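Everything quoted here is computed from the prediction, not taken from an experiment.
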There are 2 protein chains.
Amino acid sequence: MYIWFMANSKLYKGSLVTIILKLLNESNKMYGYEITQKVKELTRGELKITEGALYPALHKLEAEGLLEVEVKKVDNRLRKYYKLTEKGNKETVSKLQELQEYIKTMQVLVNPKLSLE
Amino acid sequence: MYIWFMANSKLYKGSLVTIILKLLNESNKMYGYEITQKVKELTRGELKITEGALYPALHKLEAEGLLEVEVKKVDNRLRKYYKLTEKGNKETVSKLQELQEYIKTMQVLVNPKLSLE
DNA sequence: TTGTATGCATAAGATTATTATGTATATTTG
DNA sequence: CAAATATACATAATAATCTTATGCATACAA
């Protein structure tokens, strides 16, 4: 993993958990590397998910009971498949709401013609 | 400053500089406390700007040459009025573009029906 | 056979914020 | 009038999250 196109915006700080939860919500189960590739694909290489951020985040979500893990060996290589628990499903809904509220609030702050209804 | 309604979302991390620059871009000059009150007003108390975040951020922006400061004494109390430098104006445009791109990217990640044009 | 891709992991350091203090004056309220 | 709140600045300790760097290992392509 030598070259990365990066979004280079500090705004993504805090978004990683939301991204992980939403991707897992869409596709039943995914493994870490798959998540990095999916994000790369969806954002056309614009957004990098670094391993140093991803793996600790997955471990934390698992420890919090939001994800459960299943280890599989494919082509003689390990994969750790993650899927949402029931608690994880609820948290996903909550995180997506937070994201919508964040976007709405920021648009109000940044566009003086808008207001919070 | 005893009670604060807070947005309680980690997504705001990284947004403070964008907020400060945009507010100064709209209103010529503002002082720190005024910024906290303006944000509170615009977001109807939803978003808190803590002093421990605000003042260091203002100092940093000044050190980077994005803001210039003018100290005034009003009602026997100090106010440090900040305004954008030319460099600060350019950075404001850049930060606002970053915000729009962030929002677009996140909507793609979170809404699988959308795509980057 | 060397580099790239796949697949995991963690440690050091940077950045940004929260929380807790501290100082000081002005104004409101019981 | 005393106490609480509002105005106005500031910084230090701590927490959270990320980047960068490194490490291990297998598979595949040039």
Next on the checklist: Using a heavy-atom cut-off of 4.0 Å across all strands, would you classify B:Arg77 as base, sugar-phosphate, or nothing?
Outcome noted: base
Checklist entry - Tell me: CD1 of B:Ile35 to C1' of D:dC9, nearest whole Å? => result 13 Å
Extract from the structure each pairing of a protein N or O with an N or O of nucleotides 15-18 of chain D at less than 3.5 Å, listing the distance.
{"from": "D:dT17", "atom 1": "OP1", "to": "B:Lys10", "atom 2": "NZ", "distance (Å)": "2.8"}
{"from": "D:dT17", "atom 1": "OP2", "to": "A:Lys60", "atom 2": "NZ", "distance (Å)": "2.8"}
{"from": "D:dC18", "atom 1": "OP1", "to": "A:Gly14", "atom 2": "N", "distance (Å)": "2.9"}

Checklist entry - Quick one: does B:Leu24's side chain get under 4.5 Å of B:Lys83's, heavy atoms only? => result no
Next on the checklist: Rounded to whole Å, how long is the line connecting atom CZ of B:Arg79 with atom P of D:dA6?
Outcome noted: 17 Å
Checklist entry - Rounding to a whole Å, what distance do you find between A:Lys80:NZ and D:dA25:P? => result 17 Å
Checklist entry - Counting side-chain heavy atoms from C-beta on, which of C:dA9, D:dT11, C:dT19 comes nearest to B:Tyr55? => result D:dT11
Checklist entry - Nearest-Å distance, NZ (B:Lys48) to C1' (C:dA20)? => result 11 Å
Checklist entry - What is the distance from atom CG of A:Asn25 to atom NZ of A:Lys95, rounded to the nearest 0.5 Å? => result 14.5 Å
Item to check | Rounded interatomic separation in angstrom, taking CG from B:Leu47 and P from C:dA17 | outcome: 11 Å
Next on the checklist: Quick check for you: among C:dA5, C:dA9, D:dA8, whose closest atom lies nearest to any side-chain atom of A:Tyr33?
Outcome noted: C:dA5
Item to check | Distance, rounded to the nearest Å, where B:Asp75 contributes CG and D:dA6 contributes C1' | outcome: 12 Å
Checklist entry - What is the minimum heavy-atom distance between A:Ser15 and B:Tyr102, and which atoms define it? => result OG-OH, 2.8 Å
Item to check | Side chain of A:Gln37 - closest among D:dT11, D:dA27, C:dT6 | outcome: C:dT6
Item to check | B:Ser94 side-chain N/O to B:Lys90 backbone N/O, donor-acceptor pair under 3.5 Å | outcome: no
Checklist outcome for this item: When rounded to whole Å, the CG to P distance for the pair A:Leu78 and D:dA27 reads 12 Å
Item to check | Between C1' of D:dA6 and CD of B:Glu41, the distance in whole Å | outcome: 16 Å
Checklist outcome for this item: OH of A:Tyr31 to CG of A:Leu78, rounded to nearest 0.5 Å, is 12.0 Å
Checklist entry - Judged by atom type as modelled, is there a donor-acceptor pair below 3.5 Å linking the side chain of A:Thr43 to the main-chain atoms of B:Thr105? => result no
